[in-house]
Amino acid sequence: MRYAWETLYATLQGCKGCGLSAGRTNIVIGDGNPKAKIMLIGEGPGRDEDLQGIPFVGAAGKLLDKMLAAIDLDRNNVYIANIVKCRPPQNRTPLEEEAEACIGHLRAQVALVRPAIIVCLGATAARYVYDRNVRITRDRGIWKCSKGVWILPTYHPAALLRDESKKREAWDDLKKLRAKYEELYPESALKAD
Ligand code: URA
């Protein structure tokens, strides 16, 4: 039988796969459309996400929603998940052992969603998704294609909140995302008038 969403949710329920489980209020699995062509991957839940059990609902999430809206997308067009599903203390970067313990769940999500495009939000996402040596300032905006999936690294929205000067490059990346989406799905470019 094919691995199903129910299996993933059941596996994660009560997960104690790493030390982060001890500090969580809620496990944060994913949000958006599980049949989306675009998957966004962040680092890990922050305080608001831990409290609500939904990814990207805090300040960075509000900016992410605006960024999506700027290219005519919303949470119905994307599926959103993180490298780790439980909040790291003080929002620190997940440790390697925490990311390794959780990455199988993300791989299962990718296998279920089967996105055509994956956007890595920030260095942590890019490092665990496709290349441990990624430097986000150097590699952002450069497409990779792996096993037929287009992967785009860009800045994490929290980085844009800390440093407004990165917003221009982030906007370039968003336009690249929109262009790739329309290239792969020309019907998405058709607007009702
Ligand atoms: N930052 C992330 O990387 N993920 C979230 O879900 C929220 C903030």
Side-chain angles (χ1 to χ4, degrees), residues 8-9 12-13 15 17-21 23-34 36 38-70 73-110 112-113 115 117-132 134-137 139-140 151-164 166-167 169-170 173-174 177:
L8 177 75
Y9 272 75
L12 280 168
Q13 212 57 48
C15 177
C18 79
L20 295 180
S21 60
R24 75 168 174 246
T25 314
N26 286 295
I27 203 157
V28 179
I29 300 178
D31 191 34
N33 183 349
I38 301 172
M39 184 159 170
L40 308 180
I41 300 178
E43 179 174 303
R47 190 176 65 98
D48 296 295
E49 291 78 19
D50 174 65
L51 291 174
Q52 295 184 45
I54 304 169
F56 283 99
V57 288
K62 292 201 167 67
L63 177 57
L64 180 63
D65 287 340
K66 281 192 202 161
M67 290 161 66
L68 290 173
L73 298 176
D74 61 25
R75 289 189 186 219
N76 291 314
N77 308 111
V78 300
Y79 182 79
I80 309 177
N82 282 307
I83 296 293
V84 294
K85 311 281 186 257
C86 298
R87 184 192 182 194
Q90 278 80 48
N91 300 342
R92 65 156 168 73
T93 305
L95 303 176
E96 173 124 19
E97 70 236 40
E98 294 160 351
E100 290 293 353
C102 215
I103 198 77
H105 303 305
L106 181 65
R107 290 207 185 100
Q109 287 172 294
V110 172
L112 287 165
V113 175
I117 299 171
I118 292 178
V119 180
C120 296
L121 299 169
T124 301
R127 285 181 185 146
Y128 289 104
V129 167
Y130 76 95
D131 183 352
R132 291 301 167 95
V134 163
R135 288 203 347 246
I136 203 71
T137 44
D139 300 326
R140 55 140 284 280
I151 304 175
L152 183 69
T154 188
Y155 291 124
H156 192 289
L160 304 178
L161 290 173
R162 285 193 298 270
D163 179 359
E164 293 248 323
K166 291 190 163 79
K167 282 191 173 172
E169 289 173 316
D173 298 346
L174 283 172
L177 168 61

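Both counts, for ligands and for their atoms, begin at 1 and track the order of listing. Bear in mind that the values here come from a model prediction, so they are computed numbers and not experimental data.
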Derivation and outcome, salt bridge (charged side-chain N to carboxylate O under 4.0 Å, His left out), residues Glu96 and Arg132: CA-CA 11 Å; Glu96 173 124 19; Arg132 291 301 167 95; 2.6 Å; yes
Polar side-chain atom of Asp65 near backbone of Lys62 as donor-acceptor pair, under 3.5 Å: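 Not confirmed, Asp65 side chain does not pair with Lys62 backbone.
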Side-chain donor or acceptor of Asn26 paired with backbone N/O of Leu51 under 3.5 Å: yes
Min side-chain heavy-atom separation Val119-Val78 under 4.5 Å: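 No, every pair of side-chain atoms sits at 4.5 Å or beyond.
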Glu43 contact mode with ligand 1 (heavy-atom cut-off under 4.0 Å): both
Polar proximity ligand 1 side, Pro55 side, N/O cut 3.5 Å exclusive: no
Contact check: Phe56 vs ligand 1, nitrogen or oxygen atoms, below 3.5 angstrom: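 Phe56 vs ligand 1: N/O contact under 3.5 Å present.
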Residue and atom name of the nearest protein heavy atom (relative to [atom]), distance in Å to one decimal:
atom                   : result
atom 1 (N) of ligand 1 : His156 NE2, 3.2 Å
atom 2 (C) of ligand 1 : Gly44 O, 3.0 Å
atom 4 (N) of ligand 1 : Asn82 OD1, 2.8 Å

Crowding at CZ, Arg92 (>12 non-hydrogen neighbours, <6.0 Å):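 Yes - once you tally the heavy atoms of other residues, nucleotides and ligands closer than 6.0 Å, there are more than 12.
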Distance filter under 4.0 Å to Gly42 heavy atoms, resulting ligand 1 atoms: 3 (O)
Identified side-chain hydrogen bond (donor to acceptor under 3.5 Å, both in side chains) counterpart of Lys85 within the set His105, Glu98, Gln109, Glu49: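 Filter result, single survivor: Gln109.
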